[in-house]
Amino acid sequence: MARYLGIEATDAKLKCALLRTAYKKVVLEGVFTVFRNPGPEGLAAAARELGAMVSQQLLAAQPGVRAGELDGIYAAMPGTDVSLRLVSLPRAVHKRGDKGLRAELEDNVPFDVDECIVDAQILANKDPVELLAAAAREDRVRAFVDALKGSGLEPREVGVGPLCLAELAAEIPELAQAGAAMVVYATESHAEVVVLVDGAARFARALNGLTTPAARTRAVRQTVAAWLGLGGAAPTVAFLVGDEAQEMAAPCMEGASLPAERVLPLPNGAIEFGPGASPQSLWEAPVAVALAARGIARGARIDLRKGALSMGGGGEVFRERAPQMLGAAAAVVLFWGIATWARYQGLVTERDRLQETLLRVTREAFNEAVDDPVRAMSMARGQGGAEEVDPMPAADAFDVMGVLSTRISTAVRHDIELLDINREHVQLQGIVDSLQDRDRVVEALGQWPCFPGVRPGRAQTNPGDNRQKYTLDIEFRCPGSERNTRRGEGDRGNNPGGPAAPRQGS
């Protein structure tokens, strides 16, 4: 929840509106009005009285809160103290900032532009750029700011009375309707008029000397003619607000050529009213309410607190907001800690669940409950079970063929007609040149540890080439093959006939 204060000044009064904002809610808590005497001294006295009233209201709503601790204070100069002009600047000139704007306004304002504060808001961002410019004497803006600052109500921004009425469109949707709409704020024999197009200000003027119906009608007619002369569309509706709003109804109908049903009182829109306010409060100080709403709205707007009058940087704002910022930081740290703890607890729960699952699965698969994931992965790869039998034989048929090709001497002319390998028995039928060559083969094969018994069979002469045809019955059983070995720990290098064993010819 935040509170903003808007302050508007007229020739005879100083008014302020206290606005409280919450989620999707804007509440007007109160409007305060004090009479003022002419001159800076009268303005300063009225500001002190107004500051006391605001502080009293804040203390009643929330003990310990002062006016200087508001979330934002915004003020506006009366329209009679500011010159408003529509200007067009080439984009290159507009990029030069206030220099190009001052040069354009030099012959169009009723006072020396070098002694003024100038600012502008963009109406159409094209080339040339269309601007609504404002110029006010620096000494008057300074006196206005100093008077409010001395009462503890230093404004963060200083706007222009008529233009601030357009900022009500953010809270009053009726003002943002399509086409041109005119808002007239009448009080103290003068009026401030702003023309809105699609909810944005396009033209503004302050009207003085509205003492008779004829004067009011003439002022409205001249204002509408000036707007039309700038190429604007005729207003389709007029909204009236202020103490003398009823006095402006007939002049608006006649001067703006509007039917009676299109001259309406300013609606409340989304603005709600607290115990100390009512719809009449909005009518009393609409500019002050619009200024207070600046704390909610975003976007470019005219601010006369520039240059030497600008606030001294963000340090003061940070000091004002230090308690709120510290509270927000503490809340962020607290919620971060809670979120981290909750995440940690979730991970612990997930870890316990996975460990229970791992124990159950390893017990079912290996008859051993294992909670170490690394060891479980090794067991799944066949490297971790202490009693698991390695299904691979110490030697296989490929090893037998390797022995035959490497251990039989190349000096022996040897042909194999039959080779039958069946578990632990190998039967070999071969042809050699002589029985001495057969004996050499028997001796060479008998040297391999996996052939513990090599028994030669009968031999006969081969009819075709007069060579010796013989048979061998070989016992095929490697040493240690009867005992179990752990998977992955068997050393194939211990097998002289295996792929890793060095093979030598006999």
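FYI, the numbering just counts along the sequence from 1. Just so you know, these numbers come straight off a predicted model, no measurement behind them.
Of the possible donor and acceptor atoms, one in the side chain of Arg467 sits under 3.5 Å from a partner among the backbone N and O of Ile431. With hydrogens and angles disregarded, no donor-acceptor distance shorter than 3.5 Å links the side chain of Arg440 to the backbone of Ala411. A donor-acceptor pair under 3.5 Å is formed between the side chain of Lys306 and the backbone N or O of Val118. In this structure, the side chain of Thr236 engages the main chain of Ala180 through a donor-acceptor pair within 3.5 Å. With hydrogens and angles disregarded, no donor-acceptor distance shorter than 3.5 Å links the side chain of Asp473 to the backbone of Gln427. With hydrogens and angles disregarded, no donor-acceptor distance shorter than 3.5 Å links the side chain of Arg91 to the backbone of Val129. Of the possible donor and acceptor atoms, none in the side chain of Asp71 sits under 3.5 Å from a partner among the backbone N and O of Tyr4. In this structure a side-chain-to-backbone donor-acceptor pair under 3.5 Å is present from Arg102 to Cys116. Of the possible donor and acceptor atoms, one in the side chain of Ser405 sits under 3.5 Å from a partner among the backbone N and O of Gly402.
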Contacts table for residues 333-350: side-chain donor-acceptor under 3.5 angstrom, sequence neighbours left out:
{"residue": "Thr340", "atom": "OG1", "partner": "Trp336", "partner atom": "O", "Å": "2.8"}
{"residue": "Thr349", "atom": "OG1", "partner": "Gln345", "partner atom": "O", "Å": "2.9"}
{"residue": "Glu350", "atom": "OE1", "partner": "Arg353", "partner atom": "NE", "Å": "3.4"}
{"residue": "Glu350", "atom": "OE2", "partner": "Arg353", "partner atom": "NH2", "Å": "2.6"}

Which pairs of donor and acceptor atoms, one on a side chain in residues 453-462, lie under 3.5 Å apart (sequence neighbours left out)?
{"residue": "Arg458", "atom": "NH1", "partner": "Gln460", "partner atom": "OE1", "Å": "3.2"}
{"residue": "Thr461", "atom": "OG1", "partner": "Gln468", "partner atom": "NE2", "Å": "3.4"}
{"residue": "Asn462", "atom": "ND2", "partner": "Asp465", "partner atom": "OD1", "Å": "3.0"}

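In this structure, Glu364 has no salt bridge (Lys or Arg N to Asp or Glu O under 4.0 Å) partners at least two apart in sequence or on a different chain. In this view, Arg423 satisfies the salt bridge (Lys or Arg N to Asp or Glu O under 4.0 Å) rule with no residue, not counting sequence neighbours. Under the ring pair (Phe, Tyr, Trp, His ring centres under 6.0 Å) criterion, Phe144 pairs with no residue, sequence neighbours left out.
For the pair Asp399/Cys450, no side-chain contact is recorded, criterion being any heavy-atom separation below 4.5 Å from C-beta on. When side chains are defined from C-beta on, Arg305 counts as touching Glu154, because their heavy atoms get closer than 4.5 Å. Contact of the Val287 side chain with the Leu165 side chain is registered, since non-hydrogen atoms from C-beta on lie closer than 4.5 Å.
Between Leu196 and the choices Val237, Val183, Leu168, the side chain to side chain contact (heavy atoms under 4.5 Å, CB included) rule is met once, by Val183.
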Item checked: Full working for salt bridge (charged side-chain N to carboxylate O under 4.0 Å, His left out) between Glu417 and Lys469 -> CA-CA 9 Å; Glu417 283 194 341; Lys469 186 176 185 180; 3.1 Å; yes
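Few gaps surround CD on Gln355; more than 12 heavy atoms of other groups in view lie less than 6.0 Å from it.
For residues 402-441, the ring pair (Phe, Tyr, Trp, His ring centres under 6.0 Å) pairs, not counting sequence neighbours, are His414-Tyr470.
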